[in-house]
Amino acid sequence: EIMNNVFGSLARRLTDMENHRSQSQYSRHLLAKTFLFKFVNCYAPLYYIAFFKDHSSLFGMPMACVSGDCLSDLGSQLAVFLFMRLALQSFVELLLPYLQSWCRSVSDGYVFPTSFARLSQA
């Protein structure tokens with residue numbers, strides 16, 4: 001997700017540097033760049049596992065798929081992508097509003113009551 005945001009900003013900056021005659025041309029070029037960058041970012045590891053992993057080496061050691069079958073590696077990588085995206089989206093949906101509320105209340109000067117405050121008053 002972080003790299004998708006970086007690539008989105010890069011696509012916007014590159015499109016801003018071009019000289020488009022109309023807003024529709026600008027929008028089409030921005031969409032094409034964003035799609036290309038995000039597609040490569042998300043699916044390049046899967047293409048590598050599917051087509052190149054069995055025929056490459058890393059630091060002089062040959063890369064091999066588990067049990068000679070790259071489909072199981074591909075399935076496990078896809079499952080990791082799916083569950084990580086699900087976990088990240090759940091975090092953003094559940095905890096981010098709470099953190100924003102807490103930061104807003106701290107900046108407004110509200111102090112949350114704690115057991116330590118009650119002990120110091122006694």
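Keep in mind that what you see is a predicted model, and the values were worked out from it rather than measured. Quick note: residue numbers are just sequence positions, from 1.
Taking OH from Tyr48 and CG from Leu74, the interatomic distance works out to 13.0 Å, rounded to the nearest 0.5 Å. The structure places SG of Cys70 at 12.0 Å from CD of Gln77, a figure rounded to the nearest 0.5 Å. In this structure, CG in Asn41 is found 10.0 Å from CG in Asn5, a value given to the nearest 0.5 Å. Rounding to the nearest 0.5 angstrom, the gap separating the SG atom in Cys42 from the CZ atom in Phe37 is 13.5 Å. Expressed to the nearest 0.5 Å, how far CZ of Arg85 lies from OG of Ser90 amounts to 12.5 Å. Between the CD atom in Gln89 and the CG atom in Leu96 there is a gap of 13.0 Å [rounded to 0.5 Å].
For Glu93, the side chain to side chain contact (heavy atoms under 4.5 Å, CB included) test picks out no residue, with sequence neighbours left out. Residues that satisfy the side chain to side chain contact (heavy atoms under 4.5 Å, CB included) test with Arg12, not counting sequence neighbours, are Ser9, Asp16, Tyr26, Leu30. Annotation: ring-ring contact (aromatic ring centres under 6.0 Å, His included) contacts of Phe35 (sequence neighbours excluded): Phe39.
Considering only heavy atoms from C-beta on, Thr34 stays 4.5 Å or farther from Phe7 through its side chain. Residues Thr15 and Ser27 fail the side-chain proximity criterion, which asks for heavy atoms closer than 4.5 Å. Counting heavy atoms from C-beta on, the side chains of Pro45 and Phe81 come closer than 4.5 Å.
Under the 4.5 Å side-chain heavy-atom criterion for Ile, Leu, Val, Met, Phe, Trp and Tyr, Leu36 and Leu14 are members of distinct hydrophobic clusters. Hydrophobic clustering (ILVMFWY, side-chain heavy atoms < 4.5 Å, transitive): Tyr43 and Val40 are in distinct clusters. In the hydrophobic cluster analysis, where Ile, Leu, Val, Met, Phe, Trp and Tyr join through side-chain heavy atoms closer than 4.5 angstrom, Tyr98 is grouped apart from Phe91. Note on Leu86 and Leu82: separate hydrophobic clusters, where clusters join Ile, Leu, Val, Met, Phe, Trp and Tyr whose side-chain heavy atoms are under 4.5 Å apart, directly or indirectly.
Looking at Arg13 and Glu18, no side-chain N of the basic residue comes within less than 4.0 Å of a carboxylate O on the acidic one, giving no salt bridge.
Across all their heavy atoms, Leu78 and Leu46 have their closest contact at CD1-CD1, 3.8 Å.
Between the Gln25 side chain and the Arg21 main chain, a donor and an acceptor come within less than 3.5 Å of each other. A donor-acceptor contact shorter than 3.5 Å links the side chain of Ser76 to the backbone of Ser72.
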